[in-house]
Every structure is written in structure tokens, then in C-alpha cells.
Amino acid sequence: MSKSRSNKVTAPSFTVPDNCAIYCKDVNFVYNPKTPFQKQALNNVSLTVNKGEFVAVVGHTGSGKTTFVQHLNALIRLQSGRMYVLGRDLGDKKLDLKALRGEVGMVFQYPEYQLFADTVLQDVSFGLKNFGVDKDKRVQLARDAIQLVGLDFDKVKDKSPFDMSGGEKRRVALAGVLAMNPSILVMDEPTAGLDPRGKSEILSLVAQLNRERNVTVVMVSHDMNEVYENADRVIVFADGAVAYDDTPRNLFRFETQIEEMNLEVPAMAQFANVLEANGITLPDNCKTVRQMYDAVTALRGKADV
Amino acid sequence: MFRDVTFGQYYPADSFVHKMDARIKLVLSLLFMVGIFFVVSYVGFAVITLYLLVVIALARVPLKSVLKSVKGIIFLLLLTAIINVFFTKGAGEPLLSWWKIEIYTEGLIFASKMLLRLTYLVIGSSILTLTTTPVDLTHAVESLLKPLRVIKFPVHEFALIMSLTLSFIPSLMEETDRIIRAQKARGADFDTGGLVKRAKAFVPILIPLLVGGFRRADELANAMNSRCYEGATKRTRMRKMRLGWRDAVASVIVVVLFAAIFTVYGMQSAWGGIIWLYY
């Protein structure tokens, strides 16, 4: 650690490109250093995420992906290496944590377990209150966020979050993060434990935020189908290091390697791979069953397949 | 935030003490805890210090992690010592006197010994928990309480409650850690502000923690019911506890040591004044 500090002094000042939301170079992290519980969670991780990108982070349990994403809003402080998020140096000891956390919204696994307030409105405005937003503005932002996640503000605002269904609770928790209008949204398995409908609603909301508000999305997921459908790029973690960093289409061509890392190949990618093996090339946007159907029908119209 | 709490955390190692039977370790620890209150002279404390150092060396546990558990309650220890200094009245002239506060030599001696005693008490019990897994400890308690079955005391249920409590501590800590992170991510601040503000800052942690605790308890009860758990009836154990040569050796040494302590100090208090020779 002291080594990286001394490096920082002598190294020429570094500027992150403007369109770069997240920049990491040689990031290492060790849990419980110098004890029998010592564990190297991140091993020379280097990657960049551009502004407005939708990046999926995948990997087997214990591959370091959760440790990595928790670095992004300095919940875990940088041990060694360099990391810049929205131009802020995460290695800086005087880093303004509050400002960073206002810009990087983080949705944890099962976020509904963190609800605590008496009413939905209070819970959603908790973050805003912490960031010093005044009361009228708070209510307005909370209203926007609650409506954004598809709940009726007037109906739910005075309800206790504990009286709601699982899916509704998750949306309230999500609204609590979205209310702060983060420019990077980091999510750790946002759809875990939801039914298929709840899943697709959350995902289309996230995709909409990414598309319409240009929010940079970093999503940890175990569901390769949702990764394939939504992400612009997939980063595969294995044993604390970045194993692959590619577009979903390119990545899932490596079927054997993917399965060796205990990940599954999405159904549509398998289908496209089989077609490709038989000399049929599809456009890259065949990510859902619908798109695949349309592409295949179009091909049939053109040629004699 | 709660990462530093090591009290009760098992330290895996392959050592003499780790291999001992949990029941023997528990009984000897209790003997130690009682015995430490009989020690009144600095010579006695020197013997106890030596004893603890030998045990720690035999347990192959780093001194640092043993001392960490003392660090956790250092405030309590110092408070006790300070109160003892102020409230012990001595026979002669006060060493220091200011307003209503008088400090006597006896107070300082008494407080220093109380401090040593409590510190050693914590060290002794943390050696037990550092070298014994919670599961073994529960089995030891269950096994030792067996005679109480005669008076219809629910020994097995008691042990079960104890083991569940112990096994839920790490997961509750993890949960606490996660909730703290989640609230921090929403800009919560636990480290600045006055006492009231800080106390209020804990509400967003405590409520989800309580809700989660009830949820876990409920889930656990369902899981146990659906696997037809019905208490102690006809349950057998996968790992039987057996006494070995280590237990015999350790028992003999520790019992002899504390028998000596009981005789020396017990007789002294019977003879009254002789104690003062040691001051």
C-alpha cells in the first residue's frame, strides 16, 4: 500500500478521458490481511467503463465481482492500484465520500431488506435527506422516483413498506436509490428472487434509464439470459481477475470456456451459435426470442433456408 | 465497522489446546475463572501470567488476537479501575485529597489488582472460545448439564438455543455490515454529529436488523419443522467426544496449580494478617 502511495507522488499527473465513467488499473484487494482468514479478492483488475454504457459483471460465487462493485462508491476503500470514478480519485484520502455516493447509486442484493422507515415516502427520501436536499424538493424527487419504478405515489406514500409484497418492496428500495438521480447505477443481482414478470419489469426500467437518461449501468448478474438481452458489454470475473471483457455476442461464442467457469450460455446465444456453425450469420441484435424470430423469418424470406 | 469484534471468534490451528476435549477445556476455564478471584498477591498474579502465557503458547494463537478481546472491553475495565480507586477507603492518610475525592494507597493497589483480575478473566475465556468451535462448546455444555435431566431440565433444548445463538452471531454481523453499507450508500453518516444524532443514525440499521432477525428465526423454524425435528428424542451424534491423554495431562497440571492457589490463599485468609506480608 505504501508503495502505491509513493508511486502516486512521483507518477505524472493522470487525467481520465472525459467519456470514461470508471477507470481501474491494477486494482488489488485482500480481505483480512495477515491473518489465517486472509483472502485475495481482487487480483490486478484493470478495466474501463464508458459513460452511458450498460455493463454486466458476471462470475462464479467468490470471483470478486461484489468486492469490485463495492469499490465503485468507496464502500470498500482502494488498497492498491488506481481507480477513478467520474473523475474522482478513489485513492485520495480526502475523497468526498458523500458527493461520490450521491453520484454512484448502489442497489444491493435483496435491497428490500434495508427498508426501515414508517412510510414509503420517508424511506425513499432517506438518501435525499442525507444529501441535504430541502423538504419540498425531496417530496418532488421521491414522487418522480416512485412513479418511475411503476408505483402509484398517492396510494403508496403513506403505506408502511413492511406491508407491501416482495416485488413492491424491491421497487421501493430501488426508488430510494433512483431518487438521488445517480449518474452511475451499480446493481448487485437486482432481479434475484423475483418472478419472471417482476424481473422483466425491473430490467426494462433499468434499460430505460440507461437509454433515456444516459445512466451508466453496472449490473452484477447470474442470469446470462438477462445479461445477453441487456448488456452492451460483459466483464467476466474469475478468481478475482478479469477473465473476459467483450460484447455479449462475442463472449458467448466461447461456449466451452464459459461452461468451464460454471456459467451458462444464454439460450439465444446457443441458437445463434448453432446457426453460425451451419453457415448462417444473423445480425447482432438477435437478443430476445422475438428479435430472433423476426431475423430468422427475414432470412427465410430472402433465401431458401 | 464490526469487523474488529473477535471475542468468541474461533481461531483455527493445530495445537495441544485445540485438540483437547471441549468439556475439559470448559471445566478448566471455569476453574480458572473462580481461582483468579482467590489470588490476592502480586506473586500470585505473576504465576497466573506465566500460566496464561504457557497456555497461549500451547494453543498456538497469536498473542495479538488474544489481546484484541481485551481491547473490546477496555473501557469497562478502566471504568471499574477508576471507580475502585476513588471509592476504596484506606486506613492511613490519603495519598491525595482534593475536594471530596480522596485517593488512598490501598485504593490504587486494590484497583490495579481488580484490573488484572478482570483482564485475565477475559483472556482466559477468550482462549477457550479461540480454541473451541461453537459447535464443540455447545456439545460440551449439553454433555456437562446432562445430570440436570433428572430434575426435568430441558438440557438438549437449552444447548440448542445456545448453539443457534452462537451460530447466528456471524450471520447477524454480516447482515449488520451489509445494512450499514447499504445505508452508507444512501449517504447515511454514522461517524459525525452529537450523541443524539449518532444514536438516531442507528435506527436505519437496527430496524432492518430486527426485521431480518425475525425473518431468519421464522425460516429456521420452518426448515426444522419440515425436516421433522422433534427435540432430543432418539438423536445420535456424528462426532462423539472422547477424552485423551492431553486432557489427563492438562487436568492434572491445572488442578494441582489451582489447588495450590486455593490452599495458599485460603489458608492465608483463615490466618488473617499473613496476607499483609504480600503487599
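A, B, ... follow the sequence lines: proteins, then strands. Residue 1 opens every chain.
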Considering non-hydrogen atoms only, spot the tightest contact between A/Q109 and B/R178 and give its length. O-NH2, 3.6 Å
Specify the closest pair of heavy atoms between A/N130 and B/G187, including all atoms of both residues, with the distance to one decimal. CB-O, 3.2 Å
Of the listed residues (A/Y113, A/F108, A/F162), which shares the most heavy-atom pairs with chain B below a 4.5 Å separation? A/Y113
More than 12 foreign heavy atoms under 6.0 Å from NZ of B/K19: is that the case here? yes
Could A/D123 and B/R186 be called an ion pair, given the rule that one side-chain N must be under 4.0 Å from one carboxylate O? yes
Above 12 or not: heavy atoms from other molecules or residues under 6.0 Å from NZ of A/K159? yes
Between the CZ atom in B/R181 and the CE atom in A/M106, the distance rounded to the nearest 0.5 Å is 9.5 Å
Side chain from CB out, backbone as N, CA, C, O: work out which of these in A/L115 comes under 4.5 Å of a heavy atom of chain B, or both, or neither. backbone
Taking atom CZ of B/R60 as the centre, does the number of heavy atoms from other residues, nucleotides or ligands within less than 6.0 Å exceed 12? no
Is the CG atom of A/D239 crowded by more than 12 outside heavy atoms at less than 6.0 Å? no
Taking atom CZ of B/R215 as the centre, report whether more than 12 heavy atoms of other residues, nucleotides or ligands fall under 6.0 Å from it. yes
